[in-house]
Amino acid sequence: MSNVTAVTRFILVGFSDVQELQTLCGVLFLVMYLAALMSNLLIITLISLDLKLQTPMYFFLKNLSLMDVFFVSVPIPNFIVNSLTHNNSISILGCALQILLMTSFSAGDVFVLTVMSYDRYVAICCPLHYEAIMSDGACVLMAAFFWATGLLLGVIYTAGAFSLPLCGSNVIPQFFCDIPSLLRIACSGTMMVIYTSFGIGLCLGLLCIICVVISYFYIFSTVLKIPTSKGQSKAFSTCLPHLIVFTIFFVTACFVYLKTSSTSPITDRLFAMIYSLLPPALNPVIYSLRNADVKCALRRLLENVFSRGSLHLTL
């Protein structure tokens with residue numbers, strides 16, 4: 001171990017070494033970040049202010065948008081600043097904080113999307129018991145569970161990653177800190193802690209996928225039994241956006257965290273960009289464009305703003 005140099009800072013690799021292209025990437029990411037941020041904040045505002053959106057489905061949608069705001073605000077602003085200042089270094093503490101927050105919020109996203117599938121299952125398959133099952137207290141408890149569990153998983157994952165001695169190159173071939181990149185520069189030694197934390201996350205992810213698949217199996221079985229096409233269309237319109245969001249998030253996450261060493265660095269960074277920006281940007285669009293209640297709430301908000309100069313919504 002005499003040739004090993006301890007790592008004190010990391011160098012994040014952007015999309016280009018040319019300063020002009022770095023600046024261009026920073027500006028493009030800034031535009032996309034602001035779009036994702038404003039659309040999610042708009043969803044949060046509408047659900048918080050409009051009395052017609054005070055239902056469990058929109059309660060969980062507000063939590064999803066809030067998770068997305070935090071999730072996209074961890075890596076993207078740092079990348080924007082690095083691109084505009086042409087300084088790609090990050091401290092070990094900053095790297096650990098990125099991994100902690102991104103893991104917590106991404107895990108929280110998975111949990112809230114799973115709970116939303118259960119909410120749709122109860123609404124469609126057990127409509128007479130919906131209010132009793134999805135009561136205000138139950139919704140708050142489920143929200144507390146996925147926020148707390150996401151944070152706990154983030155702490156375990158981060159502690160496992162940084163329990164390994166880091167040495168050798170301090171270059172992370174990614175525009176934010178992630179576990180696969182850290183493992184490449186970890187000193188040889190026991191990987192039991194990181195494998196254990198990874199196994200816990202993988203098991204929870206598979207459990208969430210199984211729950212979503214089972215929920216939608218019963219949902220589609222019930223919807224296909226509805227005698228009218230109008231009823232089927234209404235049921236599908238509330239379920240398909242959620243299924244699309246869940247699929248996009250899981251597919252992009254798998255490309256980032258389950259990638260093989262044979263993939264090229266530019267491909268890794270491209271999928272990382274899609275993973276960190278696409279789901280938070282698409283979630284509000286998918287739900288709002290296909291949801292009449294959200295569009296009506298937005299119209300009422302604009303009418304109140306322009307007619308009364310107030311953000312208070314009336315029925």
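Values reported hereafter were calculated over all heavy atoms of this structure, with side chains retained and with hydrogens, waters and symmetry mates removed.
In this structure, the side chains of Tyr121 and Thr222 stay at 4.5 Å or more apart for every pair of heavy atoms. Under the 4.5 Å side-chain criterion, counting only non-hydrogen atoms from C-beta, Asn82 is not in contact with Gln22. Under the 4.5 Å side-chain criterion, counting only non-hydrogen atoms from C-beta, Val13 is not in contact with Asn88. Residues Val115 and Phe145 fail the side-chain proximity criterion, which asks for heavy atoms closer than 4.5 Å. Contact of the Met134 side chain with the Met142 side chain is registered, since non-hydrogen atoms from C-beta on lie closer than 4.5 Å. Taking 4.5 Å as the limit, every side-chain heavy atom of Val212 sits out of range of all side-chain heavy atoms of Leu113. Looking at Ser83 and Phe175, their side chains never come closer than 4.5 Å, going by heavy atoms from C-beta outward. Residues Ile99 and Asp178 form no side-chain contact, since every pair of their non-hydrogen atoms from C-beta on lies 4.5 Å or further apart.
Panel note: side chain Asn283, backbone Pro279; a donor-acceptor pair is recorded below 3.5 Å. Without hydrogens or angle criteria, Gln54 side chain to Ile47 main chain gives a donor-acceptor distance under 3.5 Å. Counting only distance, with no hydrogens or angles, the side chain of Asn40 and the backbone of Pro280 share a donor-acceptor pair below 3.5 Å. Ser106 places a side-chain N or O within donor-acceptor distance of the main-chain N or O of Thr103, the cut-off being under 3.5 Å. A donor-acceptor contact shorter than 3.5 Å is absent between the side chain of Ser48 and the backbone of Thr45. Between the side chain of Asn78 and the main chain of Val74, no donor-acceptor pair closer than 3.5 Å is present.
In Glu131, the CD atom is not crowded: 12 or fewer heavy atoms of neighbouring residues, nucleotides or ligands sit closer than 6.0 Å. Atom CG of Asn87 has more than 12 heavy atoms from other residues, nucleotides or ligands within 6.0 Å.
Val31 and Leu37 sit in two unconnected hydrophobic clusters of ILVMFWY residues. Membership requires side-chain heavy atoms under 4.5 Å apart, directly or through other members. Under the 4.5 Å side-chain heavy-atom criterion for Ile, Leu, Val, Met, Phe, Trp and Tyr, Ile124 and Val213 are members of the same hydrophobic cluster. Residues Phe79 and Val171 do not share a hydrophobic cluster, clusters being chains of Ile/Leu/Val/Met/Phe/Trp/Tyr side chains in contact below 4.5 Å. No single ILVMFWY cluster, assembled from side-chain heavy atoms under 4.5 Å apart, contains both Val81 and Ile90. Criterion: ILVMFWY side-chain heavy atoms under 4.5 Å apart, direct or through other members. Under it, Leu34 and Ile80 are part of a common hydrophobic cluster.
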Could you give me the CA-CA distance, side-chain angles and deciding distance for Tyr118 and Cys211, then say whether side chain to side chain contact (heavy atoms under 4.5 Å, CB included) is met?
CA-CA 8 Å; Tyr118 176 72; Cys211 290; over 6 Å; no

Under the side chain to side chain contact (heavy atoms under 4.5 Å, CB included) rule, what do Tyr218 and Ile214 come out as? Steps first, then yes or no, please.
CA-CA 6 Å; Tyr218 285 105; Ile214 293 175; 3.7 Å; yes

Dump the intermediate steps for side chain to side chain contact (heavy atoms under 4.5 Å, CB included) on Arg120 and Ser215, then the final yes or no.
CA-CA 8 Å; Arg120 292 299 85 207; Ser215 296; over 6 Å; no

Please assess Asn63 against Phe146 for the test side chain to side chain contact (heavy atoms under 4.5 Å, CB included), listing each intermediate value before the final yes or no.
CA-CA 10 Å; Asn63 277 269; Phe146 56 67; 4.0 Å; yes

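Residue Ile43 comes nearest to Ser65 through the heavy atom pair CG2-OG, 3.4 Å, listed as atom of the first residue, atom of the second, then distance. The heavy-atom pair separating Asp109 from Met67 by the smallest distance is OD1-CB, 3.1 Å. Closest of all the heavy-atom pairs between Ile11 and Ser89 is CD1-CB, 3.8 Å. Closest non-hydrogen pair, Phe246 versus Cys208, comes out as CZ-O, 4.5 Å. Summarising the geometry of Pro75 relative to Ser276, their closest heavy-atom pair is CG-CB, 4.3 Å, with the distance given to 0.1 Å. A pairwise comparison of heavy atoms in Cys177 and Ile172 identifies SG-CD1, 3.8 Å as the closest pair.
To the nearest 0.5 Å, atoms NE2 (His86) and CD (Glu20) are separated by 7.5 Å. Note that OG1 of Thr114 and CG of Leu207 are 8.0 Å apart. Values are rounded to the nearest 0.5 Å. To the nearest 0.5 Å, the span separating CG on Leu151 from CD1 on Ile156 amounts to 10.0 Å. With rounding to the nearest 0.5 Å, the separation of CG in Leu64 from CE in Met116 is 5.5 Å. Atoms CD1 and CG, from Ile210 and Leu206 in turn, are 6.0 Å apart once rounded to the nearest 0.5 Å. Expressed to the nearest 0.5 Å, how far CZ of Phe10 lies from SG of Cys95 amounts to 4.5 Å.
Using the six-membered ring where Trp is involved, Phe249 and Tyr275 have ring planes that are tilted, between 30° and 60° apart.
Residues Phe111 and Phe60 keep their aromatic ring centres 6.0 Å or farther apart. Ring centroids of Phe29 and Tyr33 are separated by 6.0 Å or more, keeping the two rings apart.
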